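Quick notes on the structure that follows.
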Amino acid sequence: MKSNTGHRNDQGRVAEEGEEVCGEQLGAMENARKRCQAPSTSKSLMATEDDPYKIDPLIALIDMDCFYVQVELRLEPEWRGKPAIVVQYKTRHKGGGIIALSYEARERGVKRFHHADDAREVCPEVKVFVVPELHGKADLTRYRDAGAEVIRVMKKHFHCVERASVDEAFVDLTKEVKQLLPRYLSKELKLTPEALGSTCIAESHSVEAWLDQLYLKLEEDPEAFVASSVQLNNFALAIGAVLVNDLRQDIINVTEFHCSGGISYSKTLSKLACGLNKPRKQTVLPGNAVGPLFNKTNIIDVRMLGGKLGRSIIENLCISTMGELCKVEVPKLRQYFSEETARWLASLAVGIDNEPVQERDLPKSIGCSKNFLGKEALSTREQVKKWMEHFVSELSVRLKKDQAENNRSASLLTVSITYVKDPFKIKSGQSCSRCAPMTSYDNEAMVYDAFMVADRLLTSLGYRNGRYHYAVINLGISASKMRDGGFTASRIDSYFRGQKKKEVDDSQIFPGNKYSELKVKGRDASKIQLGKAKEVRERKGSITKYLNQASPRKDAQGGQASHHQQQKVRTEHMESKSDTETRLGQLLQATRSQRMGKVRRLFPARFTDEGGTRLGGRQRRRVPQ
DNA sequence: ATTTTGACGCT
DNA sequence: AGCGTCAAA
């Protein structure tokens with residue numbers, strides 16, 4: 001039985017018009033290259049005389065296993081091997097909420113979304129670590145710093161590393177693997193199970209068998225092997241697995257932290273692969289395993305489909321797996337989603353996301369926030385100011401460290417507020433944010449600016465007898481728009497030039513303060529009717545804006561929530577479409593390159609049976625030009 | 001009533 | 001500029 005049965009059976013007829021497709025594709029790739037800071041991905045698709053091997057992009061995701069727990073266990077190693085959890089705010093609701101749990105704790109029935117008290121009930125011996133508190137709030141510095149340690153090791157191995165969160169990062173392995181390819185093909189280096197270490201192969205029981213199959217094909221006909229993108233891609237995948245295994249071992253050596261990894265052709269596939277064998281394992285996801293895997297993958301479990309969009313796919317199309325989504329034709333998708341969304345989904349349904357790995361190992365913003373629920377809700381100026389001071393105390397330390405270590409300074413200070421009428425009858429609060437230029441890391445200046453924007457907003461919503469009419473249930477500040485270097489005179493000058501006279505009386509709350517002549521930027525909330533604006537959005541905006549405007553189908557939405565689109569950029573560098581009939585044809589144009597004037601691939605070879613371990617089918621498909 | 005982050009797209 | 005969505009511990 002074929003390993004990809006049921007997955008894309010319409011691949012027979014694909015693109016046929018040659019030059020046109022090539023032309024479009026080169027244009028699309030050019031766009032992709034411009035956006036990608038590390039152009040290795042698109043370059044890798046180009047076969048040249050110097051570089052005869054053409055492989056697909058190779059992307060890994062490294063994800064630390066129950067990271068916060070590991071960070072705590074490194075500090076208190078005596079708890080290693082025992083069930084352990086990390087909770088926030090021990091003294092609050094039910095002993096604090098779990099934000100990380102060890103695999104030992106999971107085995108004993110502790111669940112995410114449990115609280116510390118629940119965990120102790122099912123597992124009395126569980127070790128409970130509590131997130132440090134500083135300035136009256138949870139302080140995650142310890143985990144951020146540990147995450148930075150890991151990123152440093154990764155940067156030592158690879159140029160193109162994208163910090164995706166505090167504990168995970170994507171790596172573009174393409175360039176490194178390409179460089180090694182000739183040495184492995186020539187047998188100077190050998191792919192062995194030992195070299196692959198803790199590697200698993202998705203949809204395969206044995207790494208050994210998978211490697212054996214690979215080498216069997218190579219021995220059989222070396223020329224055919226290097227000419228077959230299926231074989232070459234599998235081979236590259238195996239090399240990638242070696243590199244990632246080495247990286248993971250180095251991370252252990254340097255940081256003591258264990259992690260899992262996924263190695264495949266896109267962020268989406270790598271992420272999915274990474275989750276297949278946790279903890280302390282890495283998973284290779286070859287092209288021919290994507291179909292079978294997708295047949296049992298819930299749509300919700302795929303990156304970017306875990307929210308409203310995924311739910312609306314499931315409801316509208318009455319399907320639940322990626323395999324089913326793959327069989328839905330683009331026109332059908334267009335009934336429910338915009339043209340761009342439809343195409344993006346069609347790509348995603350075969351594992352293609354066209355998202356380059358951005359070379360970025362530092363966060364783009366630094367912030368802190370806190371919820372104030374129920375009776376904790378803030379309703380006086382003094383309370384808000386006090387918390388701004390707390391936030392700034394934490395933030396300024398983090399900002400100054402960032403400035404010293406990374407030679408950059410934030411230029412924008414943003415205050416975020418969620419407020420409600422009655423904090424005891426919370427449905428969903430109104431969220432809003434206001435910003436001010438950031439021209440120094442002076443605590444007093446930051447407190448003043450942050451408080452002023454917050455107070456202006458809240459006061460405009462109603463203020464009487466020392467209380468705001470609305471209660472603040474979430475408050476946060478964040479620094480962003482990082483610029484190289486420190487603060488310069490010109491930046492400060494331009495800030496002062498931009499100031500107008502202040503309009504809010506701050507003489508009592510900031511007696512005699514040195515900023516009293518300044519006024520922060522920002523709109524007057526009283527004039528913009530926040531509540532109403534949001535209401536209008538909910539009524540019409542979010543529904544219509546994602547619909548295909550050309551074919552009105554409002555009924556199909558059934559009042560569903562919005563379908564958030566982050567795919568616009570991505571679809572941009574997919575082909576702009578010729579007249580290919582099948583969806584498959586549309587997909588491959590953007591994702592495959594052709595060797596001009598030589599072999600032209602009909603479809604992404606990695607998704608075919610060729611090279612599958614037990615198929616013994618045809619070697620490769622070619623279309624004579 | 002998990003909470004605290006962070007990135008990014010849309011308008 | 002400000003809001004919403006998605007995601008990770």
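Values in this document were obtained by computation on a predicted structure and should not be read as measured data. Here is how names work: the chains are called A, B, and so on, in the same order as the sequence lines, proteins then strands, and each is numbered from 1.
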Side chain of [X] only, heavy atoms from C-beta on: which candidate in [options] is closest?
{"X": "Leu309(A)", "options": "dC6(C), dA1(C), dC8(B)", "value": "dC6(C)"}
{"X": "Arg398(A)", "options": "dG6(B), dT4(B), dA8(C)", "value": "dG6(B)"}
{"X": "His115(A)", "options": "dT2(B), dG6(B), dA8(C)", "value": "dT2(B)"}
{"X": "Ala100(A)", "options": "dA8(C), dG6(B), dA9(C)", "value": "dA9(C)"}
{"X": "Ile99(A)", "options": "dG6(B), dT5(B), dA9(C)", "value": "dA9(C)"}
{"X": "Gln88(A)", "options": "dA7(B), dA8(C), dT3(B)", "value": "dT3(B)"}

Atom pair distance, as rounded to whole Å: [atom1] in [X] and [atom2] in [N]:
{"X": "Asp118(A)", "N": "dT2(B)", "atom1": "CG", "atom2": "C1'", "result": "12 Å"}
{"X": "Trp344(A)", "N": "dC10(B)", "atom1": "CH2", "atom2": "C1'", "result": "15 Å"}
{"X": "Arg163(A)", "N": "dG6(B)", "atom1": "CZ", "atom2": "P", "result": "7 Å"}
{"X": "Ile477(A)", "N": "dG6(B)", "atom1": "CD1", "atom2": "C1'", "result": "15 Å"}
{"X": "Arg144(A)", "N": "dT4(B)", "atom1": "CZ", "atom2": "P", "result": "12 Å"}
{"X": "Leu395(A)", "N": "dT4(B)", "atom1": "CG", "atom2": "P", "result": "15 Å"}
{"X": "Asp167(A)", "N": "dT5(B)", "atom1": "CG", "atom2": "C1'", "result": "12 Å"}
{"X": "Lys308(A)", "N": "dG9(B)", "atom1": "NZ", "atom2": "P", "result": "18 Å"}

Do the side-chain N or O atoms of [X] get closer than 4.0 angstrom to the phosphate oxygens (OP1, OP2) of [N]?
{"X": "Asn371(A)", "N": "dT4(B)", "answer": "yes"}
{"X": "Ser433(A)", "N": "dC3(C)", "answer": "yes"}
{"X": "Arg434(A)", "N": "dG2(C)", "answer": "yes"}

Can [X] and [Y] be counted as an ion pair, charged N to O under 4.0 angstrom?
{"X": "Lys278(A)", "Y": "Asp63(A)", "answer": "yes"}
{"X": "Glu355(A)", "Y": "Arg303(A)", "answer": "yes"}
{"X": "Glu339(A)", "Y": "Arg343(A)", "answer": "yes"}

Under 4.0 angstrom, heavy atoms only, what part of the nucleic acid is [X] near: base, sugar-phosphate, or nothing?
{"X": "Tyr89(A)", "answer": "sugar-phosphate"}
{"X": "Ile98(A)", "answer": "base"}
{"X": "Leu305(A)", "answer": "sugar-phosphate"}
{"X": "Lys137(A)", "answer": "sugar-phosphate"}
{"X": "Lys271(A)", "answer": "sugar-phosphate"}
{"X": "Leu140(A)", "answer": "sugar-phosphate"}
{"X": "Arg142(A)", "answer": "nothing"}
{"X": "Ser365(A)", "answer": "sugar-phosphate"}
{"X": "Tyr143(A)", "answer": "nothing"}

Of Gly367(A) and Phe113(A), the one whose closest DNA chain B nucleotide lies more 5'
Phe113(A)
So, is the end of the Lys155(A) side chain (NZ or CZ) under 6.0 Å from the ring centre of Phe158(A) and within 45° of the ring's axis?
no
When you compare dT2(B) with dA7(C), how far apart are their C1' atoms, in angstrom units rounded to a whole number?
15 Å
Ignoring hydrogens and angles, are the base of dA9(C) and the side chain of Arg112(A) linked by a donor-acceptor pair under 3.5 Å?
yes
What verdict does the ring pair (Phe, Tyr, Trp, His ring centres under 6.0 Å) test give for Phe67(A) and Tyr143(A), after you've listed the backbone C-alpha separation in whole Å, the side-chain angles of each residue and the deciding distance to 0.1 Å?
CA-CA 8 Å; Phe67(A) 188 47; Tyr143(A) 313 108; 7.5 Å; no
Could you tell me whether Arg280(A) atom CZ has more than 12 heavy atoms of other residues or ligands within 6.0 Å of it?
no
Between Asp422(A) (side chain) and Phe424(A) (backbone), is there a donor-acceptor pair under 3.5 Å?
yes
